[in-house]
Number of protein chains: 2
Amino acid sequence: MTDKKEKILNAALELFADEGFKATSTSKVANKAGVSEGLIFRHFTNKEGLLNAIVDEGEKRVKLLYADIVLETEPKEVIKKTIETFNTVNKEPDEVHFWKLQYKIKWEMEVYGEHKVEPLQKALTKAFEALGYNQPEAEAQLLLITIDGLATRFYLQQKGFKIESQLELLKKKYKV
Amino acid sequence: MTDKKEKILNAALELFADEGFKATSTSKVANKAGVSEGLIFRHFTNKEGLLNAIVDEGEKRVKLLYADIVLETEPKEVIKKTIETFNTVNKEPDEVHFWKLQYKIKWEMEVYGEHKVEPLQKALTKAFEALGYNQPEAEAQLLLITIDGLATRFYLQQKGFKIESQLELLKKKYKV
DNA sequence: CACACTTGTGAGTAATCACTTACAAATATA
DNA sequence: TATATTTGTAAGTGATTACTCACAAGTGTG
């Protein structure tokens with residue numbers, strides 16, 4: 001990975017996350033990265049190739065993020081970590097662009113990407129089962145759905161939205 | 001409202017909802033509506049004016065939709081109706097485009113539009129308060145957040161996602 | 001019918017789009 | 001050092017973009 005290639009990726013990440021994929025021109029990316037426009041196509045073939053490079057990296061990071069939770073054996077810990085992970089990720093400002101894009105791209109490309117959350121969902125299902133919940137599968141899905149909703153509010157910066165207190169409330173409800 | 005003006009609005013609604021605002025060209029809208037491209041600009045000044053016309057209509061429909069809930073006095077009914085309203089809206093296929101756009105546009109334009117849900121949120125807060133919940137405000141917000149998450153799954157058509165069972169689970173949790 | 005006004009069209013416009021190409025600079029390998 | 005390969009640039013390309021404008025068709029009113 002050359003220096004300029006990485007600069008292209010970083011510029012694209014920020015622009016795609018803030019202004020959207022289709023709304024961001026390759027010339028804008030090149031400008032922000034401080035390289036010639038042609039270099040984007042040398043490294044990534046086309047504009048979609050540039051997006052894919054970022055999304056692929058996203059998949060790796062998601063797996064890494066969930067790895068710790070999936071291995072957890074204590075049911076309550078699985079739920080607790082699921083809720084808390086969302087928060088720790090977004091404490092680092094550099095990471096925010098990255099995760100924001102993961103959500104934003106779902107709507108722009110209209111794909112949910114269920115395979116990414118599947119291992120986590122299964123781990124949660126097992127956890128809810130172990131805790132004696134009546135519909136463990138539905139419960140697991142509902143928790144992930146709620147976190148999706150939290151992300152929407154967080155990334156779109158709804159006024160008066162305090163993510164910490166919502167996460168606390170969630171933990172209280174699940175008694176974790 | 002002339003016939004052709006309405007055809008433009010309908011075509012734009014469907015295209016914006018499916019492919020996004022920025023990704024939909026005015027020529028595409030004109031084509032689908034069966035009118036000349038110039039007519040769009042005669043009626044709506046520019047492309048954003050066309051979007052605004054649709055979004056404004058959205059605000060009216062949201063108010064209409066919530067009016068019934070806000071007037072409800074029975075706390076449990078407020079919560080129940082909030083959960084069920086989401087479902088009834090999306091039973092009519094013509095309505096789906098409309099509501100999908102309302103969610104999609106949030107991400108594309110990066111505005112949450114909190115004023116739209118404010119009356120509903122206040123009604124929910126009062127309901128949770130009456131029912132003796134410890135943090136009625138946070139509870140109201142959390143329920144709306146969860147519904148946002150449900151919408152994401154629903155409109156992005158996540159595989160294996162059954163909205164009815166999730167709504168049932170939600171009602172069970174709130175005992176409504 | 002005459003006149004005003006709205007509704008509608010089709011052929012423009014400059015600007016921007018993603019992408020290509022010819023060539024130069026840098027780097028790796030022998 | 002000589003040569004092959006990779007990395008990078010600048011100036012293009014045709015296609016598409018949002019939008020304009022001159023003018024025609026339709027409609028309502030006296």
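Sequence lines set the chain letters: A, B, ... in the order given, protein chains first and strands last, and positions in each chain run from 1. Please read these numbers as outputs of a predicted model, since none were measured by experiment. All values below come from the heavy atoms of this structure, side chains included, with hydrogens, waters and symmetry mates left out.
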List for me each residue that meets salt bridge (Lys or Arg N to Asp or Glu O under 4.0 Å) alongside [X], sequence neighbours excluded, and say none if there are none.
| X | value |
| --- | --- |
| B:D3 | B:K7 |
| B:R61 | B:E57, B:E95 |
| A:K81 | A:D68, A:E72 |

A:K4 or B:T26, whichever maps to the more 5' nucleotide of DNA chain D: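 It is A:K4, whose closest nucleotide lies nearer the 5' terminus.
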Angle of first-five versus last-five pair axes in the helix from C:dA4-D:dT27 to C:dA30-D:dT1, to 10 degrees: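 Nearest ten degrees gives 10° for this helix.
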With sequence neighbours excluded, residues passing side-chain hydrogen bond (donor to acceptor under 3.5 Å, both in side chains) with B:Y155: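 Result, side-chain hydrogen bond (donor to acceptor under 3.5 Å, both in side chains) vs B:Y155: B:N90.
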For atom CG of B:D3 and atom P of D:dA25, their distance in whole Å: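 Taking atom P of D:dA25 as the reference, CG of B:D3 is at 20 Å.
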Distance in angstrom units between A:I8 CD1 and D:dT7 P, rounded: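 Nearest whole value for this atom pair: 12 Å.
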Side chain of A:T2 (C-beta onward), nearest among D:dG8, D:dT17, C:dG8: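 Per side-chain heavy atoms of A:T2, the pick is D:dG8.
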Shared hydrophobic cluster for A:M1 and A:L13 (ILVMFWY, side-chain gaps under 4.5 Å):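 In one cluster with A:M1: A:L13, yes.
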Same cluster (ILVMFWY, side-chain, under 4.5 Å), A:L120 and A:L64: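 No, because A:L120 and A:L64 fall into different hydrophobic clusters, even though each may have its own neighbours under 4.5 Å.
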Residue pairs, two or more places apart or on separate chains, that pass salt bridge (charged side-chain N to carboxylate O under 4.0 Å, His left out) and touch [range]:
| range | result |
| --- | --- |
| residues 17-35 of chain B | B:E14-B:K32, B:D18-B:K100, B:E19-B:K28 |
| residues 37-55 of chain B | none |
| residues 155-176 of chain A | A:E84-A:K171, A:K91-A:E164, A:E168-A:K171, A:K173-B:E139 |

N or O in side chain of A:S25 less than 4.0 angstrom from C:dT16 OP1/OP2: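 No, because none of the side-chain N or O atoms of A:S25 sits under 4.0 Å from OP1 or OP2 of C:dT16.
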Under 4.0 angstrom between B:S27 side-chain N/O and D:dT17 OP1 or OP2: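 B:S27 to D:dT17 OP1/OP2: side-chain N or O found under 4.0 Å.
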A:V35: partners by side-chain contact (heavy atoms from CB on, under 4.5 Å), with sequence neighbours left out: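 If we apply the side-chain contact (heavy atoms from CB on, under 4.5 Å) test to A:V35, skipping adjacent residues, the hits are A:K4, A:I8, A:A30, A:A33, A:L39.
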Pairing residues for B:A140 by the side-chain contact (heavy atoms from CB on, under 4.5 Å) criterion, not counting sequence neighbours: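 So B:A140 forms a side-chain contact (heavy atoms from CB on, under 4.5 Å) with B:Q121, B:L124, B:T125, B:F128.
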Interface residues of residues 12-23 of chain B with DNA chain D (non-hydrogen, below 4.0 angstrom):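 Those residues: none at all.
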Close approaches to DNA chain C from residues 28-54 of chain B, in residue order (heavy atom, under 4.0 Å):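 Close to the strand are B:V35, B:S36, B:G38, B:L39, B:R42, B:H43.
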